[in-house]
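All remarks here apply to the structure that follows.
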Amino acid sequence: MDGSDQVAVRQAKLDVLRESGKDPFQANWEQTHASKQAVGMLGEEEELGPEVSVAGRIVAFRLMGKAAFLKLLDREGKIQAYVRRDEIGDDDYATFKKLDLGDFIGVRGPLFRTKTGEVTIRAKEYRLVTKALRPLPEKWHGLSDNDQIYRQRYLDLVVNDESRQRFQTRSRIIREIREFMWSRDFIEVETPMLQSVSGGAAARPFRTHFNALDCDFNMRIALELHLKRMLVGGFDRVFEVGRVFRNEGLSRRHNPEFTMLEAYQAYSDYRGMMELTRSLIQQVSQRALGALQMERPDGEVIDLSGEWREAKYKDLIIDAVGQDDWFELPKSEKLQKTKKLGIEVDPELEDFEVTNDVFEKIIEHTLIQPTFVTHIPKELCPLAKITQSDPSTIDVFELCINGQEIAPAYSEQNDPGLQREAFLKQVGEETHELDDDFLLALEHGMPPAGGMGMGIDRLVIFLTKAANIRDTILFPTLRPL
RNA sequence: GGGUCGGUAGCUCAAUCGGUAGAGCAGUGGCCUUUUAAGCCAUUGGUUCCGGGUUCGAGUCCCGGCCGGCCUACCA
């Protein structure tokens, strides 16, 4: 054994342990504390603390002859252990020296403080509970190869601290979202992911086949239409946090499966949703991150506090194109103008789509501070109520933060006749599928309601200052090898 | 999908004009009973992503493929 093949070296160590009657994959180890709890057991002034029993993966190993320091990583973080030959005995110390970085061990002993002040367990006993047969990535630089970070996320989580913290924060954010919704008297429901009609949004679905019924299903692209059926059924405050699937491109901001929050509240409307959405994000940010301001990589600080800006879609467009009569111009002149503005627009698009390209390509990425964009053209969404004072727009907002659309919300259309008409009149590249079963439900009566959908991944992107949606999704979609 | 940049030891990275593939960490063998990326001595380890081509000679140049990053397109 020359040490060149690290897997073989570890396998040989494992074989030696087995031959001596030791099981390198123990059934269990009794933990009394996790790492942070244990560290907290030793008071500021105390030199010696109570005995604790912890367990974790060895992520640092400093052997100094007849004693050693090592660091164990568990769910809370790291704790140091100090192991002396004269305290655990010659035999145990001999096998202890053969441990590898990456192995899981349990350690029991009293807490003490080292010369440099670090709270440490002075081991009376240790036991290997799981042998790791492969080495960890390098301890100082961690793992930086993107491919490996995504394909072997567990390694990223073991060695990259900021990654581990980001996913803990994501979990905390989702927990705080639920806490907020519950505090507003919403109940959480689960609706089908396999659907025969993919409604509620304009997107290409993933298709699959159900053998038992010998029929095709789609993976859901939105939660909307089933949650509205819940309103019809009398559950008048419902929400769902769930995965949706869209058969579209991959990018820094898009993963084919992503997580949405959708909430529907009867006897509310898009104004009510505005308050709900702002309060939700403020409370989640405050509780999950302890702050309402977050600095972007470019230095700009996103300020979530107080009331948020409202801006009418038309005003933003007119401001961006510098032309008051934009909406009166024929499509051909709009197209010429977009060319001057330096954006590429497909001339085959409908008139309202040309305008929306202006919004998406020129305006959206400039909306860094939270902004509710209101009075959106009715062609852009068939599921909302028409604005009474302006029949060309709908009662909706699109919340933009960090230059991205985070959450749209509507005063939900509940007139089955107008709803059917809106589905049928859709034009343009992207349209919603007509769901007759949903229209049947509407005919039974859906109370007036506000509804809101939020892209959780995008919320997590700016709350955790992530560069890429893949950094917020544990196992992002990748090309199979 | 298009453009562009990249893939070298388990990990992080070098390798000048095309001229013997190296370092740190990890590993292996020693020394070391309060270390903090511990230290000291010695040392193993390579299908340079894969397949072709050019050349006396290819990690390096050319062609094709695989995988990925970034930009872009569709979208949230």
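Predicted model, so just to flag it, every value in this text is computed and none were measured.
Side-chain rings of A/Phe359 and A/Phe352 stay apart, their centers remaining 6.0 Å or farther from each other.
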Where protein sits on nucleotides 38-45 of chain B, one letter per nucleotide: B base, S sugar-phosphate only, - none, heavy atoms under 4.0 Å: B-----BS

Nucleotide-resolved protein contact map, nucleotides 3-8 of chain B, B/S/- at heavy-atom distance under 4.0 Å: ------

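Separation of the C1' atoms belonging to B/C67 and B/C17 is 31 Å when rounded to the nearest angstrom. Annotation: B/A9 and B/U4 have their C1' atoms spaced 29 Å apart (nearest Å).
Among the atoms of the strands shown, only primed sugar atoms or phosphate atoms (P, OP1, OP2) are found under 4.0 Å from some heavy atom of A/Arg479. Within 4.0 Å of A/Ser144, counting heavy atoms only, lie sugar-phosphate atoms of the nucleic acid but no base atom. Here A/Asp145 lies in heavy-atom contact (under 4.0 Å) with sugar-phosphate atoms only. As judged by a 4.0 angstrom heavy-atom cut-off over every strand, A/Leu250 is placed among the base-contacting residues.
For A/Arg85 against B/U33, no side-chain N or O and base N or O form a donor-acceptor pair under 3.5 Å. Residue A/Glu138 places no side-chain atom within donor-acceptor reach of the base of B/A26, judged by atom type and a 3.5 Å distance cut-off alone. Remark: the A/Glu118 side chain and the B/U35 base include no donor-acceptor N/O pair separated by less than 3.5 Å.
Between A/Arg166 and A/Glu162, none of the side-chain N atoms (NZ, or NE/NH1/NH2) sits under 4.0 Å from a carboxylate O, so this pair counts as no salt bridge. A salt bridge between A/Lys36 and A/Asp74 is absent, with no side-chain N of the basic residue lying under 4.0 Å from a carboxylate O of the acidic one.
Between the NZ atom of A/Lys97 and the P atom of B/U28 there is a distance of 12 Å, given to the nearest Å.
For A/Glu224, the salt bridge (charged side-chain N to carboxylate O under 4.0 Å, His left out) test picks out A/Lys228, with sequence neighbours left out.
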